[in-house]
Amino acid sequence: MNILIIGGGGREHALGWKLKQSSRVTKLFFAPGNGGTAQLGENVNINATNIHAILSYVQKNNIQLTVVGPEDPLSLGIVDLFEKNKLTIFGPSRLAAQLETSKVWATDFMEKYKIPHPISHTFTDFKKAIVFIKSHDVSKFVVKASGLALGKGVILPQNKKEAQDALERIMLKREFGDAGKEVLFQERLTGPEVSLMTITDGKTIIPLVSAQDHKRIFDNDKGPNTGGMGAYAPVPFMTKKLLGHIQKTILQPTIDGMKKEKIPYKGVLYAGLMITSDGPKVLEYNARFGDPETQPVLALLKSELLSLLFASIQGTLKSKRIIFYKRSSVCIVLASQGYPGSYLKGVPIQGLLQKPKKDLTIFHSGTTKKDGNIITSGGRVLAVTASGKDMNKALQKAYSAIGKKGIYFKGMQYRKDIGKKLL
Ligand code: AMP
Ligand code: GLY
């Protein structure tokens, strides 16, 4: 069968890499893809948000399955559009994706179904939000834009001035566009974080192996938030008992609540959790695979991904089992100079043509092919992903592939402390 993957990041490269391992897959297409996906299949020059152009491409090119990577096409209703046209697509509907696309909607939903989450105060009026700042200790809150902001719409103010600056950026300057029409002040929680991705058909929900992202740009969690600078899986503190508790108090109630709302949820449901002294709480939901968490998680997946995607679409997940290798995996993101601010592009990348190494895969994100060479074209450029018997082995393998003797580009920045807290 022919499959189209929408998106052009490391996550989409990893999805393609895993799907290609299935003997049932003939050809992969990526819209728009990147320099790495071009080696795995065919890149189609259509942007992920151009959902009508994607629909007509799928109708004309004998594509049997479409897999949505990023959130934007979901928020535009690509799944609804495809289903109306009787096409097979993996992902949630526009309304279901509100769990990610509107943090205000998600908070109201969690409130209604008693799913543990930080206490939140919502504002659509700038002046009223300022009154809140004046009357509260803002260092106990985080400020969030309600809509989609590429993981960058969360600000942790130290004082009233910083809180006011954050509000001005989000609500007045609209740094995150319409995502800033509504804003939340959310109780600031503490504790380790975990990304728990699941696959669901709206009735059954199957967790994938847990992962931990590294959101800040610099080592020791310093500097601004990014889309994610690296991840590892599994997370050692995610015991069977904790997972069972999360399934009972968070995952199943979410799926059941959506069913009650008559907005059945299928696709990937990603719970961004904080394990507080008061138990696990939902910081955010995502309606899709995480990037870069997908890279180490799929590196550990033994089961066929394709049949899981079909079971989600067809409502047959109950009969499925999912098996992961009992190993560790890690992904180190190499980013462009300047990221997450404005960054350099068009820098040649060396070391990509080395002989493939066992348990090491280089997933591309912001790369493109020009005159036969791979050059940088985005903020996050590559996701060096390695697995091993334990985290130490996986880390050694990944880090030893990076540098002037290995994979290198001028100005590249990456965190040297991915997974280090564990060792
Ligand atoms: P989000 O995009 O909502 O996951 O937020 C991005 C990051 O901001 C999270 O990974 C946390 O590190 C931090 N964060 C978000 N919400 C809270 C909260 N309520 N308390 C503490 N930290 C938070
Ligand atoms: N790595 C966080 C995300 O995909 O939202």
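Counting starts at 1 for both ligands and their atoms, following the listed order. What you see is a predicted model, and the numbers here were worked out from it, not measured in a lab. Keep in mind that the numbers below use all heavy atoms, side chains included, and drop hydrogens, waters and symmetry copies.
- For ligand 2, the polar-atom distance check against Asn286 finds a nitrogen or oxygen pair separated by under 3.5 Å.
- Looking at Arg169, its side chain never comes within 3.5 Å of a backbone N or O of Ala166 through a donor-acceptor pair.
- Side-chain contact between Arg380 and Tyr343: absent, with no pair of heavy atoms (C-beta onward) separated by less than 4.5 Å.
- Selection from Lys281, Met274, Lys144, Gln186 by nearest heavy atom to atom 15 (C) of ligand 1 gives Lys144.
- Close approach to Arg188 involves these atoms of ligand 1, each under 4.0 Å from a residue heavy atom: 20 (N), 21 (C).
- Nearest to atom 17 (C) of ligand 1 among the protein's heavy atoms is Leu283 CD2, 3.6 Å.
- Counting heavy atoms closer than 4.0 Å to ligand 1, residue Lys215 contributes side-chain atoms (C-beta onward) but none from N, CA, C or O.
- For the ligand labelled ligand 2, residue Gly227 lies inside the 4.0 Å heavy-atom shell.
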- Task: For the pair Ser139 and Gln158, evaluate side chain to side chain donor-acceptor pair (under 3.5 Å) and give the outcome as yes or no after the intermediate values.
- Result: CA-CA 5 Å; Ser139 67; Gln158 302 297 339; over 6 Å; no

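- Looking at atom 5 (O) of ligand 2, its nearest protein heavy atom turns out to be Arg288 NH2, 2.9 Å.
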- Take Phe185 and Phe123, measure what ring pair (Phe, Tyr, Trp, His ring centres under 6.0 Å) needs, and give me the verdict at the end. CA-CA 8 Å; Phe185 280 85; Phe123 295 95; 5.8 Å; yes

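- The distance from ligand 2 to the heavy atoms of Asp213 drops below 4.0 Å at these ligand atoms: 1 (N), 2 (C).
- Between Glu284 and ligand 2, a contact under 3.5 Å exists for no N or O pair.
- In terms of protein heavy atoms, atom 9 (C) of ligand 1 is closest to Glu193 OE1, 3.4 Å.
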- Task: Would you please test Leu65 and Phe310 for side chain to side chain contact (heavy atoms under 4.5 Å, CB included) and show each step?
- Result: CA-CA 9 Å; Leu65 169 67; Phe310 271 111; 4.1 Å; yes

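- Those atoms of ligand 2 that come under 4.0 Å of a heavy atom in Gly290, given as number and element, are 4 (O).
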- Message: Using the rule given for side chain to side chain contact (heavy atoms under 4.5 Å, CB included), can you reason through His214 versus Tyr232, listing the C-alpha separation, both sets of side-chain angles and the distance that settles it, and then say yes or no?
- Response: CA-CA 9 Å; His214 294 63; Tyr232 64 81; 3.7 Å; yes

- Kindly indicate, with the supporting measurements, whether the criterion side chain to side chain donor-acceptor pair (under 3.5 Å) is fulfilled by His13 and Gln295. CA-CA 9 Å; His13 191 180; Gln295 290 86 313; over 6 Å; no

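- Between Tyr414 and Tyr399, the ring planes are tilted. Angles from 30° to 60° get that label.
- Taking only nitrogen or oxygen atoms, main chain and side chain alike, Leu189 reaches within less than 3.5 Å of ligand 1.
- Heavy-atom distances between Pro292 and ligand 2 reach below 4.0 Å in at least one pair.
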- Message: Checking Phe82 against Leu55 for the side chain to side chain contact (heavy atoms under 4.5 Å, CB included) test, could you report, in this order, the C-alpha distance in whole Å, the side-chain angles of both residues, the deciding distance, and whether it holds?
- Response: CA-CA 7 Å; Phe82 270 53; Leu55 172 71; 4.0 Å; yes

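- The distance criterion of under 3.5 Å between nitrogen or oxygen atoms is met by Glu284 with respect to ligand 1.
- Nearest protein heavy-atom contact of atom 19 (N) of ligand 1 is Glu187 O, 2.9 Å.
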- Under the ring pair (Phe, Tyr, Trp, His ring centres under 6.0 Å) rule, what do Phe132 and Phe141 come out as? Steps first, then yes or no, please. CA-CA 11 Å; Phe132 181 89; Phe141 290 86; 5.3 Å; yes

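- Side-chain polar atoms of Glu182 and Thr124 form no donor-acceptor pair below 3.5 angstrom.
- Residue Arg11 does not touch ligand 2, judged by heavy-atom distances below 4.0 Å.
- When only non-hydrogen protein atoms are considered, atom 8 (O) of ligand 1 lies nearest to Val154 CG1, 3.5 Å.
- With a 4.0 Å cut-off on non-hydrogen atoms, Tyr270 touches ligand 2 through its side chain and not its backbone.
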